[in-house]
Asker: 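Below is the structure I would like to discuss, written out as structure tokens.
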Amino acid sequence: MAGIKKFNWVRRPSTWEYAQAWNAQRKSMAQRFLDDGAVASSAFLSAQSSLSAGMATLAAQASLTAAQKQLEATKNQLSSIGNSLDVSA
């Protein structure tokens with residue numbers, strides 16, 4: 001065997017081309033990282049907003065229920081007082 005011949009069919013990139021490709025790859029990776037962070041941040045913000053709105057709705061419903069119960073108790077109390085009054089005088 002005299003040696004292995006190389007055909008050189010595929011041109012290898014120069015050092016400058018390799019560095020440019022690597023910089024482009026790093027830039028792409030950094031942009032994907034920022035995009036993923038923005039998506040995660042948006043999801044957390046949406047979840048927090050939904051939680052706050054849900055808790056406000058539940059608090060309003062609880063307050064309304066308590067006010068209705070108090071109104072019903074006052075109404076029953078006034079009704080019992082009205083029934084016990086003697087207005088035949």
Side-chain angles (χ1 to χ4, degrees):
M1 287 203 193
I4 299 174
K5 291 187 176 185
K6 294 182 181 178
F7 291 104
N8 291 329
W9 287 340
V10 178
R11 184 178 83 67
R12 299 190 71 157
S14 67
T15 304
W16 185 81
E17 291 171 335
Y18 180 78
Q20 291 298 316
W22 176 245
N23 284 337
Q25 179 68 19
R26 284 182 31 215
K27 188 175 182 179
S28 173
M29 289 170 26
Q31 187 60 46
R32 278 197 322 257
F33 177 76
L34 291 174
D35 291 345
D36 291 347
V39 168
S41 176
S42 176
F44 284 126
L45 183 61
S46 175
Q48 181 63 37
S49 176
S50 295
L51 175 67
S52 297
M55 289 179 67
T57 300
L58 290 175
Q61 287 175 349
S63 176
L64 183 60
T65 302
Q68 287 174 341
K69 285 182 181 178
Q70 186 176 5
L71 182 61
E72 189 65 33
T74 304
K75 185 176 161 184
N76 289 339
Q77 185 180 12
L78 289 176
S79 176
S80 66
I81 290 173
N83 289 340
S84 65
L85 289 177
D86 185 18
V87 288
S88 62

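On a predicted model such as this, the values are computed, not experimentally measured, just so you know.
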Asker: Nearest 0.5 Å please: distance from the OG atom of S28 over to the CG atom of D35.
Answerer: 9.5 Å
Asker: Please check this pair: side chain of S50 against backbone of S46, looking for a donor-acceptor N/O pair closer than 3.5 Å.
Answerer: yes
Asker: How many angstroms lie between NZ in K69 and CG in L71, if you round to the nearest 0.5 Å?
Answerer: 13.5 Å
Asker: Side-chain contact test, heavy atoms from C-beta onward, threshold under 4.5 Å: evaluate it for N23 versus R26 and give yes or no.
Answerer: yes
Asker: Can you measure from CG (L34) to OG (S41) and round to the nearest 0.5 angstrom?
Answerer: 12.0 Å
Asker: State whether the number of non-hydrogen atoms from other residues, nucleotides or ligands found under 6.0 Å of Q77 atom CD is greater than 12.
Answerer: no
Asker: Report yes or no: does T65 contribute a side-chain atom to a donor-acceptor pair with the main-chain N or O of Q61 at less than 3.5 Å?
Answerer: yes
Asker: Any heavy-atom pair between the side chains of E17 and R11 that's under 4.5 Å?
Answerer: yes
Asker: Atom OG of S79 and atom CD of E72: how far apart are they, to the nearest 0.5 Å?
Answerer: 9.5 Å
Asker: Measure the CG-CD distance between L64 and Q68 for me, rounded to the nearest 0.5 Å.
Answerer: 4.0 Å
